[in-house]
Enquirer: 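What follows is a structure written as structure tokens; I'll ask about it next.
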Number of protein chains: 2
Amino acid sequence: MVHRLDGRATWLVGRAHLRSHGLLQEAFAAAGARPYHYRLLAALEESGPLSQAELGRAAGLDRGDVTRSLDVLGGSGLILREPDPADRKRNRVSITRAGRAELYRLDAVLTEVQERFLAPLSAGERAVFLGLVARLARDPEGAREA
Amino acid sequence: MVHRLDGRATWLVGRAHLRSHGLLQEAFAAAGARPYHYRLLAALEESGPLSQAELGRAAGLDRGDVTRSLDVLGGSGLILREPDPADRKRNRVSITRAGRAELYRLDAVLTEVQERFLAPLSAGERAVFLGLVARLARDPEGAREA
DNA sequence: ATGTACCGTTGGCTCCACCAACAACAGTGG
DNA sequence: CCACTGTTGTTGGTGGAGCCAACGGTACAT
């Protein structure tokens with residue numbers, strides 16, 4: 001392989017992501033869902049009914065992608081999209097009973113994927129890794145390096 | 001944000017990758033190059049002349065993507081592609097003097113990106129992180145290497 | 001009433017990874 | 001010699017994920 005990349009953090013993170021994403025994709029596809037859908041259902045369940053723009057900000061999705069994903073979720077009866085009577089330019093999106101059930105089902109899928117992804121590490125190592133990668137994941141906005 | 005994802009390794013790795021990839025993309029674009037090109041030049045410099053299929057396996061690229069990337073690299077004079085006299089179905093690809101210079105230039109860019117990406121971590125933490133993420137990056141099944 | 005800002009929708013884009021088909025070619029066993 | 005198998009390079013796609021621009025509709029402060 002390419003020795004020059006062996007110790008590069010960006011390379012290793014990319015490869016780890018490839019494996020992680022592959023596992024996730026496979027598991028979600030087998031469950032008939034997509035990561036976007038999970039994120040939206042989770043945001044809805046945790047925050048209660050939201051407008052689509054709020055939902056996008058909560059789940060980290062583009063407004064347009066929210067629209068398209070909700071089309072699918074609504075078609076499956078997992079969410080309810082109704083015009084907001086207080087502001088007619090908004091939609092009020094809420095999770096349905098079926099949506100909650102789906103979310104819980106996917107929670108289990110996600111948990112199982114974590115286990116497979118983290119299999120190479122011991123419990124202690126996992127905790128260390130999670131702490132470090134969380135700091136690398138946060139966008140250091142305003143963080144000025146002295 | 002979605003509280004449910006905060007501690008998920010797959011989520012954090014995905015977010016870290018997003019930041020990493022963004023930094024890399026930005027820096028390489030400013031340098032007029034692409035990650036694929038760097039990988040190919042690096043593989044060529046480390047292994048010497050290769051066929052395109054070998055090159056793809058060394059750099060982890062699809063054969064088709066190798067073909068298209070070499071079109072660009074060849075057009076810039078960074079690699080030389082000539083028919084292999086010993087096997088007429090192969091191309092013998094080698095890195096040129098200009099290609100080496102480009103590779104070294106991109107090495108510096110890459111190094112600078114590492115620094116920005118890893119900025120949130122101390123030197124000791126970086127070493128720990130690299131060790132752990134390297135183990136997560138390796139595909140635990142199959143993947144037999146020579 | 002007018003301007004500004006937001007909303008949802010649609011249509012597009014880039015990047016990365018991957019797959020399928022094809023003709024050309026090499027090496028094999030018969 | 002012939003047929004078969006496998007590889008190579010090329011072309012033409014697929015798909016997910018993230019993102020941006022433009023549009024018409026709506027709310028609200030001025």
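Within every chain, numbering begins at 1; the chains are lettered A, B, ... in the order of the sequence lines, protein sequences first and strands thereafter.
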Enquirer: Taking side-chain hydrogen bond (donor to acceptor under 3.5 Å, both in side chains) as the definition, give me every residue that meets it alongside B:Arg105, ordered by chain and number, with sequence neighbours left out.
Expert: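 With neighbours one apart ignored, the set is B:Glu102.
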Enquirer: Would you please confirm or rule out a distance under 4.0 Å between OP1 or OP2 of C:dC7 and any side-chain N or O of A:Arg92?
Expert: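 No, outside the criterion.
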Enquirer: Is there a side-chain contact between A:Gln52 and the phosphate of C:dT9, meaning an N or O under 4.0 Å from OP1 or OP2?
Expert: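 For A:Gln52, the contact criterion (side-chain N or O under 4.0 Å from OP1 or OP2 of C:dT9) is met.
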Enquirer: For the residue pair B:Arg126 and B:Gln114, confirm or rule out a side-chain donor-acceptor distance under 3.5 Å.
Expert: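 No, because no side-chain N or O of B:Arg126 sits under 3.5 Å from a partner of the opposite role on B:Gln114.
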Enquirer: Side chain of B:Ser51 only, please: which of D:dG9, C:dC16, C:dG8 is the nearest?
Expert: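 The answer is D:dG9.
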Enquirer: Taking side chain as C-beta onward, heavy atoms only, is B:Pro49 less than 4.5 Å from B:Leu44?
Expert: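 Heavy-atom side-chain distance check fails, nothing below 4.5 Å.
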Enquirer: Send over the distance from B:Arg90 CZ to D:dT7 C1', rounded to a whole Å.
Expert: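 Distance, rounded to whole Å: 8 Å.
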Enquirer: C:dG8 C1' sits how many Å from A:Arg81 CZ, rounded?
Expert: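 Those two atoms, CZ and C1', are 9 Å apart.
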Enquirer: Between atom CD in A:Glu54 and atom C1' in C:dA5, what is the gap in whole Å?
Expert: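 That distance rounds to 15 Å.
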Enquirer: Answer yes if B:Val128 and B:Val133 sit in the same cluster of Ile, Leu, Val, Met, Phe, Trp and Tyr residues linked by side chain heavy atoms under 4.5 Å apart, and no otherwise.
Expert: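 In one cluster with B:Val128: B:Val133, yes.
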Enquirer: Do A:Arg116 and A:Arg19 come within less than 4.5 Å of each other through their side chains, counting heavy atoms only?
Expert: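 SC-SC contact between A:Arg116 and A:Arg19 ruled out.
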Enquirer: Could you check whether B:Arg57 gets within reach of a base, just the sugar-phosphate, or nothing at all, counting any heavy atom under 4.0 Å?
Expert: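 Sugar-phosphate contact only.
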Enquirer: Quick one: B:His21 NE2 to D:dG16 P, roughly how many Å, whole number?
Expert: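 Value for this atom pair: 18 Å.
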Enquirer: Quick one: list whatever passes side-chain contact (heavy atoms from CB on, under 4.5 Å) with A:Ala53, sequence neighbours left out.
Expert: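 In terms of side-chain contact (heavy atoms from CB on, under 4.5 Å), with neighbours along the sequence ignored, A:Ala53 is linked to A:Ser51, A:Arg57, A:Arg63.
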Enquirer: Tell me, please, which residues at least two apart from B:Arg135 pass side-chain hydrogen bond (donor to acceptor under 3.5 Å, both in side chains).
Expert: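 B:Arg135 satisfies side-chain hydrogen bond (donor to acceptor under 3.5 Å, both in side chains) with A:Glu125 once adjacent residues are dropped.
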Enquirer: Atom CD of B:Glu26 and atom P of D:dG18: how far apart are they, to the nearest Å?
Expert: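 Roughly 18 Å, once rounded to whole Å.
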Enquirer: Check every strand shown and say whether A:Leu61 touches a base, only sugar-phosphate, or nothing at a heavy-atom separation below 4.0 Å.
Expert: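 Counting heavy atoms under 4.0 Å across all strands, no contact is made by A:Leu61.
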Enquirer: Provide, to the nearest angstrom, the distance between the NE2 atom belonging to A:His17 and the P atom belonging to C:dC15.
Expert: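 Those two atoms, NE2 and P, are 16 Å apart.
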Enquirer: With sequence neighbours excluded, tell me which residues meet side-chain contact (heavy atoms from CB on, under 4.5 Å) with B:Leu80.
Expert: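 B:Leu80: side-chain contact (heavy atoms from CB on, under 4.5 Å) contacts with B:Glu82, B:Ser94, B:Thr96.
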Enquirer: Regarding A:Arg8 and B:Thr111, do their side chains bring together a donor and an acceptor under 3.5 Å, going by distance alone?
Expert: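 Yes, a side-chain donor-acceptor pair sits under 3.5 Å.
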Enquirer: Tell me the interatomic distance from B:Asn91, atom CG, to C:dC25, atom P, rounded to whole angstroms.
Expert: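 In whole Å, C:dC25 P lies 12 Å from B:Asn91 CG.
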Enquirer: Between the protein and nucleotides 25-30 of chain D, which nitrogen or oxygen pairs come in under 3.5 angstrom?
Expert:
residue : atom : partner : partner atom : Å
D:dA27  : OP1  : A:Arg88 : N            : 2.9
D:dA27  : O4'  : A:Lys89 : NZ           : 3.3

Enquirer: Calculate the interatomic distance between A:Arg19 atom CZ and C:dC16 atom C1'; express it in whole Å.
Expert: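 About 19 Å, once rounded to whole Å.
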Enquirer: Under 3.5 Å between N/O atoms: give me all the protein pairs with nucleotides 19-22 of chain C, atom names plus distance.
Expert:
residue : atom : partner : partner atom : Å
C:dC19  : N4   : B:Asp62 : OD2          : 3.1

Enquirer: Identify, between A:Arg15 and A:Asp71, the residue whose nearest nucleotide on DNA chain C lies closer to the 5' end.
Expert: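 Comparing both residues, the 5'-ward one is A:Asp71.
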